[in-house]
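Presented below is the structure to which this report refers.
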Amino acid sequence: MNVVTLCLFLLLAVVASSIVSRILPSALPRPLVQIGLGALIGLFAGVRVELDPELFFLLLVPPLLFLDGWRIPKDELFRDSRAILGLALGLVFLTVLGVGLFIHWLIPAMPVAVAFALAAIVSPTDPIAVGAVAQKVSIPKRMMHILEGESLLNDASGLVCLRFAIAAALSGTFSLGSAISTFAWMALAGVAIGVGVTWAIVRGKAAFAERFGDDTGSNILVSLLIPFGAYLIAEHVHASGVLAAAASGIAMTFAGGGVSLGAATRIRRRAVWDMLQFTLNGVIFVLLGEQFPDLLARARATIQTTGHSSMWWLLLYVAAITAALGMLRYTWVWVSLRFTLLRARRRGADAGSPPRRIVGAMSVAGARGAITLAGALTLPMAMGDGTPFPTRDLAILLASGVILSSLAIASLGLPLLLRGLHLPHDEGAVDERDRARIKGAKAAIAEIERVQHRMAEEQGDADRPTEIAARIMDQYRERIDSIAGDADDRTRQAQETRLERQLRLAGIRAERDAIFALARERAISITLAEQLGRELDLADARLTRLGI
């Protein structure tokens, strides 16, 4: 009962965090509110969650990484692959080396191997934390795509570095060749397993549905099970489970592209995943907060291992490590952007110096989160001879401090750096979207004409189908004309479309209120009201999404 009660408290805290973050006048992001509520649960609930890192990774991380990989724009991911790989691989390895040496210099009581392990723990950014911070900050789309791609891929490189740092601490030896080969196996095998599992399951499910039929529930359940299957298989063969989960999400876009699913299935599947994302994101940060009271209770004894007794030293260490991470990230981003501009200049493009505000925003946006704490908790309790693992509690405390400080810096720094920043629109993306809309409208007109002729032949009456088809095709032709027109016409058309959307939304919402008012007055049945309400909700959601 204690475990069930605690789970209910965690879910209640997730709901409360959404309410509190909206009530607060400041732009305090939801993750910090959830961490605070989790700390209150840890102080007053009377029960503790023993956070098993392996169970934590299995239950919470794969579905979120899968969803991030599924929904991230693929063209942008491949377009910016050079920048993403530079951050996910080069910056992580440089951070492990540079920050590891810095931590050992800063805290001589911490062995070199443990310092490298701590650097590996705090090196990867967290996609869950980055996405949560972005909910209250308007981040430019391309920057957000790079941050999401980086945080999807750098977990594997950080965890591989952590594995070898722990092995070096336990054995006292390190092999560079073995590290490189192991990293290659974990990365390549993880990606291959993620793609293979997704492709096999989706295609197999589609072949079964074509022969025996299908239903909405099984399609949704299969999509929920795919990331767990990819993660478990990859971990079983000692590959990267987190990378397999992310790769399976990316592959889901391509594997499911040719599979026929009904609109109702897609809508319900998206709703289920939205709910799961909201719940798991919240539970992760509440669990982080729930761990902090116990960590702080051991803080004074832990800090004494460094030869100090004041708690202020702990804050100094956290601030110094966070500053070192920020400076190294700023330097890497500036140099990378500088090389990008130099390549653009060689191609004849007009390229100046790297914008400082963009570089600063990319630097402070590297928030750490749940994966950092879970990595810290994977540090072994004891050495091979049974003696306690040196400075383990101190490493966990410092990692927790880096999580809090990076989230706070991202939450406060990003709005200041991005305020009033206007980036040029991606004209190529606009043109591509217009071409797709025109192509789709022309295909719709051709299909309507074909169906119209078939109906006329079957019914023997051509007038009625022709009249209805002409009315529908006129709407598609108006869309083509509005897209293909000149700038003034397109501006006027956009204003009219926006006004029409607002009027339609007002009408739909008033219609829904009137229908449910009839149901409350018992003039119609509640079942009918809910059915009509679902139809109006779909229309409302479509128009609202078009207005984003």
Could you list the donor-acceptor pairs under 3.5 angstrom formed by side chains in residues 8-15, with sequence neighbours left out?
none

Spacing of Ile220 atom CD1 and Arg270 atom CZ [to the nearest 0.5 Å]: 13.0 Å
Measuring from atom CG of Leu64 to atom CD of Gln277, what distance do you get when rounded to the nearest 0.5 angstrom? 6.5 Å
Any donor and acceptor pair, going by atom type alone, linking the side chain of Arg329 with main-chain N or O of Thr95 inside 3.5 Å? no
Would you please name every residue forming a side chain to side chain contact (heavy atoms under 4.5 Å, CB included) with Ala120, sequence neighbours left out? Val96, Cys161, Leu162
Calculate, to the nearest 0.5 Å, the distance between atoms CG and CG belonging to Leu91 and Leu85 respectively. 12.5 Å
Minimum heavy-atom separation for Pro227 and Ala245, please, with both atom names. O-CB, 4.5 Å
Thr198 meets the side chain to side chain contact (heavy atoms under 4.5 Å, CB included) criterion, sequence neighbours left out, with Val202, Ile226, Ser248, Ala251, Met252, Ala255
With side chains defined as the heavy atoms from C-beta onward, is the minimum distance between Val402 and Thr372 less than 4.5 Å? no
For the residue pair Leu407 and Phe285, establish whether any side-chain heavy-atom pair is separated by less than 4.5 Å. yes
Taking the side chain as every heavy atom from C-beta outward, state whether Val286 and Ile35 have any pair of such atoms under 4.5 Å apart. no
Suppose we screen for side chain to side chain donor-acceptor pair (under 3.5 Å). Which residues come up paired with Ser17, at least two apart in sequence or across chains? Gln34
Does any non-hydrogen side-chain atom of Leu243 lie less than 4.5 Å from one of Met186? no
Residues forming a side chain to side chain donor-acceptor pair (under 3.5 Å) with Ser181, sequence neighbours excluded: none
With sequence neighbours excluded, what pairs up with Ala16 under the side chain to side chain contact (heavy atoms under 4.5 Å, CB included) test? Leu37
Does Phe93 have any ring-ring contact (aromatic ring centres under 6.0 Å, His included) partners at least two apart in sequence or in another chain, and if so, which? Phe183
Taking the side chain as every heavy atom from C-beta outward, state whether Val318 and Leu404 have any pair of such atoms under 4.5 Å apart. no
Donor-acceptor pair, side chain of Ser406 and main chain of Arg368, under 3.5 angstrom: yes
Looking at every non-hydrogen atom in both residues, tell me the closest pair between Val122 and Leu325 and how far apart they are. CG2-CD1, 3.9 Å
Which atoms form the tightest heavy-atom contact between Val237 and Trp185, and what is the distance? O-NE1, 3.2 Å
Can you find a heavy atom in the side chain of Glu150 that is under 4.5 Å from one in the side chain of Thr125? yes
ring-ring contact (aromatic ring centres under 6.0 Å, His included) partners for Phe208, two or more places apart: Phe212
Is any side-chain heavy atom of Leu398 closer than 4.5 Å to one of Leu314? yes
For Phe66, what residues pass the ring-ring contact (aromatic ring centres under 6.0 Å, His included) criterion, not counting sequence neighbours? Trp70, Trp273
Counterpart residues, salt bridge (charged side-chain N to carboxylate O under 4.0 Å, His left out), relative to Arg392 (two or more places apart): none
Kindly give the heavy-atom pair with the smallest separation between Val359 and Tyr330, and that separation in Å. CG1-CE1, 3.5 Å
Roughly how far apart are Leu87 CG and Arg82 CZ, rounded to 0.5 Å? 13.5 Å
Look up atom OG1 in Thr279 and atom CD1 in Ile284, then write down how far apart they are to the nearest 0.5 Å. 11.0 Å
Identify the two heavy atoms, one from Phe389 and one from Pro380, that lie closest to each other, and give their separation to 0.1 Å. CB-O, 3.1 Å
Could you check Leu60 against Leu287 for side-chain contact (heavy atoms from CB on, under 4.5 Å), going step by step and ending with a plain yes or no? CA-CA 11 Å; Leu60 301 179; Leu287 281 174; 4.0 Å; yes
Run the side chain to side chain contact (heavy atoms under 4.5 Å, CB included) test against Leu97 and tell me which residues pass, sequence neighbours left out. Leu101, Phe116
Would a 4.5 Å heavy-atom cut-off, applied to side chains only, mark Leu118 and Thr391 as touching? no
Closest heavy-atom pair and its distance - Ala234, Ile193: CA-CD1, 3.7 Å
Which residues pass the side chain to side chain donor-acceptor pair (under 3.5 Å) test with Thr322, sequence neighbours left out? Ser405
Gap separating the CD1 atom of Ile121 from the CD1 atom of Ile396, nearest 0.5 angstrom: 8.0 Å
